[in-house]
Amino acid sequence: SKPFSKTCDLAEGTGADLVNLAKNIDGLGNNMHVFARDVFKAAMDKGIAWIMPDYTNVPPGSTLAAEREMGARAYWVNIPAEKLLAVYSKFLNGTEIIFHARIDEPTVELDGYNEITVKRVRELNREPILDGAGKITGFAPATWTLYEEDTDKDEKTGKENITWNIIDNGNISIGIIPLVPIILGKRDGTSWRVKPPLRDLAYMQVKLFQMESNLDCTKE
């Protein structure tokens, strides 16, 4: 009834590396308790939220010493439901495997004193492995691709032509798509549509407001 009234902490005996990670779990200064509380609230509001464990992008072949020198580290990313544009999964050998996802990742760039929002989308993908009959038997190691929107106006027609250009890509070293769903609502079958747990309560509040408003009008 009172989630996060006590500190969300690691179990005793947890390794020092994980303890240090939990002190700044997202690389933005938030510890694990604050991060988990924010994800819980987002999942309560929308029915579902997502956590994506990630690691600093380092040049291929970098040694551990080189990674430490450049400050490379693991971190968690809080992905609200509205930022996950698409997610697809399939049950294979009793396990649900996410094989495709697209995440909205806009960025703001400076143009003099002006701020320009640049639309970007990160695609996470695992190509299916098919047998001779065309049946999916597995999925290839995960890859990521970052797309950026480019808008070009046709001088003759005045119409805007939108293209999505690849600005970066690479392999996900652990081989899978590291998306972890936090589901607090009711999932619709095997889809990723989830009914928020407090939706009915919200409708009741709307109805109560309407009744009170009608009552005020009647008194006048």
Side-chain angles (χ1 to χ4, degrees), residues 3-4 6-11 13-15 17-58 72-106 120-128 136 138-147 168-199:
F4 299 98
K6 296 182 180 180
T7 302
C8 177
D9 210 346
L10 297 172
T14 301
D17 55 339
L18 294 180
V19 172
N20 290 331
L21 177 64
K23 293 178 180 178
N24 183 11
I25 194 69
D26 59 358
L28 301 174
N30 295 313
N31 60 31
M32 187 174 68
H33 175 85
V34 173
F35 183 92
R37 182 196 63 194
D38 292 345
V39 172
F40 180 87
K41 182 182 183 304
M44 183 64 71
D45 291 342
K46 302 297 175 63
I48 185 172
W50 298 80
I51 298 175
M52 184 175 72
D54 207 345
Y55 194 86
T56 305
N57 192 17
V58 297
R73 49 158 287 171
Y75 57 93
W76 292 1
V77 181
N78 179 3
I79 303 178
E82 61 269 23
K83 289 294 184 180
L84 196 62
L85 303 178
V87 58
Y88 298 93
S89 61
K90 183 176 179 62
F91 280 91
L92 193 64
N93 299 326
T95 302
E96 186 172 21
I97 300 173
I98 295 176
F99 62 87
H100 181 85
R102 296 191 299 275
I103 305 170
D104 183 25
E105 291 188 6
R120 289 180 179 174
V121 172
R122 183 178 300 271
E123 180 185 75
L124 310 175
N125 195 54
R126 297 183 68 182
E127 291 294 333
I136 296 178
F139 292 92
T143 62
W144 62 272
T145 306
L146 187 61
Y147 293 89
D168 204 357
N169 58 59
N171 298 319
I172 298 177
S173 59
I174 60 176
I176 64 173
I177 294 177
L179 281 174
V180 181
I182 309 299
I183 303 174
L184 297 183
K186 183 178 180 181
R187 187 175 175 184
D188 183 8
T190 59
S191 74
W192 291 104
R193 294 185 297 272
V194 178
K195 178 182 178 181
L198 301 180
R199 175 178 290 179

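One-based numbering along the sequence shown.
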Engineer: If I compare all heavy atoms of Val58 with all of Ala72, which pair ends up nearest, and what's the gap?
Structural biologist: CG1-CB, 3.6 Å
Engineer: Let's go through Glu123 and Trp144 carefully: what are the C-alpha distance in whole Å and the side-chain angles of both, what is the deciding distance for side-chain contact (heavy atoms from CB on, under 4.5 Å) to 0.1 Å, and is it a yes or a no?
Structural biologist: CA-CA 6 Å; Glu123 180 185 75; Trp144 62 272; over 6 Å; no
Engineer: With sequence neighbours excluded, tell me which residues meet side-chain hydrogen bond (donor to acceptor under 3.5 Å, both in side chains) with Tyr55.
Structural biologist: Glu67
Engineer: Output every pair passing salt bridge (charged side-chain N to carboxylate O under 4.0 Å, His left out) with a member in residues 168-177, not counting sequence neighbours, ordered by first then second residue.
Structural biologist: none
Engineer: What residues, two or more places apart in sequence or in another chain, satisfy salt bridge (Lys or Arg N to Asp or Glu O under 4.0 Å) together with Arg120?
Structural biologist: Glu109, Glu148
Engineer: Exactly one of Ile103, Asn78, Val180 should register a side chain to side chain contact (heavy atoms under 4.5 Å, CB included) with Met52. Which one does?
Structural biologist: Ile103
Engineer: Taking only residues two or more places apart in sequence or in another chain, which ones pass salt bridge (Lys or Arg N to Asp or Glu O under 4.0 Å) with Arg187?
Structural biologist: Glu96
Engineer: For Arg73, is there any backbone N or O sitting under 3.5 Å from a side-chain donor or acceptor partner on Thr56?
Structural biologist: yes
Engineer: Who pairs with Ser173 by side-chain contact (heavy atoms from CB on, under 4.5 Å), at least two apart in sequence or on another chain?
Structural biologist: none
Engineer: Using 0.5 Å steps for rounding, measure from the CG atom of Asn125 to the CG atom of Asn169.
Structural biologist: 12.0 Å
Engineer: Find the distance between CG (Asn171) and OG1 (Thr143) and round it off to the nearest 0.5 Å.
Structural biologist: 6.5 Å
Engineer: Would you please test Leu124 and Thr145 for side-chain contact (heavy atoms from CB on, under 4.5 Å) and show each step?
Structural biologist: CA-CA 7 Å; Leu124 310 175; Thr145 306; over 6 Å; no
Engineer: To the nearest 0.5 angstrom, please state how far the CG atom of Asn31 sits from the CG atom of Asp9.
Structural biologist: 8.5 Å
Engineer: If you compare all heavy atoms of Leu18 against all heavy atoms of Leu10, which two are closest, and at what distance to 0.1 Å?
Structural biologist: O-CD1, 3.6 Å
Engineer: Quick test of your reading: applying ring pair (Phe, Tyr, Trp, His ring centres under 6.0 Å), list the pairs with at least one residue in residues 168-191, sequence neighbours left out, ordered by first then second residue.
Structural biologist: none
Engineer: State, to 0.1 Å, how close Leu179 and Ile98 come at their nearest heavy-atom pair, and which atoms those are.
Structural biologist: O-CD1, 3.9 Å
Engineer: Enumerate the residue pairs fulfilling ring pair (Phe, Tyr, Trp, His ring centres under 6.0 Å) with a member in residues 171-192, sequence neighbours excluded, ordered by first and then second residue.
Structural biologist: Trp50-Trp192
Engineer: Distance check, rounded to the nearest 0.5 Å: Phe99 atom CZ versus Leu92 atom CG?
Structural biologist: 11.0 Å
Engineer: Do the non-hydrogen side-chain atoms of Val121 and Leu85 ever get within less than 4.5 Å of each other?
Structural biologist: yes
Engineer: Does the side chain of Phe139 reach to within under 4.5 Å of the side chain of Ile97, using non-hydrogen atoms?
Structural biologist: yes
Engineer: Checking Lys46 now: which residues fulfil side-chain contact (heavy atoms from CB on, under 4.5 Å) with it, not counting sequence neighbours?
Structural biologist: Ala81, Glu82
Engineer: Run the side-chain contact (heavy atoms from CB on, under 4.5 Å) test against Asp188 and tell me which residues pass, sequence neighbours left out.
Structural biologist: Ser191, Arg193
Engineer: Can you label the angle between the His33 ring and the Phe4 ring as parallel, tilted or perpendicular, going by 30° and 60°?
Structural biologist: perpendicular
Engineer: Go through it in stages, so that I can follow the logic: the residues are Leu184 and Ile48, the test is side-chain contact (heavy atoms from CB on, under 4.5 Å), and I'd like the CA-CA distance, side-chain angles, deciding distance and then a yes or no.
Structural biologist: CA-CA 6 Å; Leu184 297 183; Ile48 185 172; over 6 Å; no
Engineer: When the side chains of residues 20-29 are checked against the rest of the protein, which donor-acceptor pairs come out under 3.5 Å, sequence neighbours left out?
Structural biologist:
unit_1	atom_1	unit_2	atom_2	d
Asn20	ND2	Ala16	O	3.2
Asn24	OD1	Gly27	N	3.2
Asn24	OD1	Leu28	N	3.2
Asn24	OD1	Gly29	N	2.7
Asp26	OD1	Leu28	N	2.9
Asp26	OD1	Asn30	N	3.3
Asp26	OD2	Asn30	ND2	2.8

Engineer: State which residues pass side-chain contact (heavy atoms from CB on, under 4.5 Å) with Ile174; sequence neighbours excluded, sorted by chain then number.
Structural biologist: Ile172, Ile176, Pro178
Engineer: Show me the donor-acceptor pairs, under 3.5 Å and distance only, between side chains in residues 34-45 and residues at least two apart or in other chains.
Structural biologist:
unit_1	atom_1	unit_2	atom_2	d
Lys41	NZ	Asp45	OD2	2.9

Engineer: With side-chain contact (heavy atoms from CB on, under 4.5 Å) as the criterion, how do Val87 and His100 come out once you've worked through the C-alpha distance, each side chain's angles and the decisive distance to 0.1 Å?
Structural biologist: CA-CA 6 Å; Val87 58; His100 181 85; over 6 Å; no
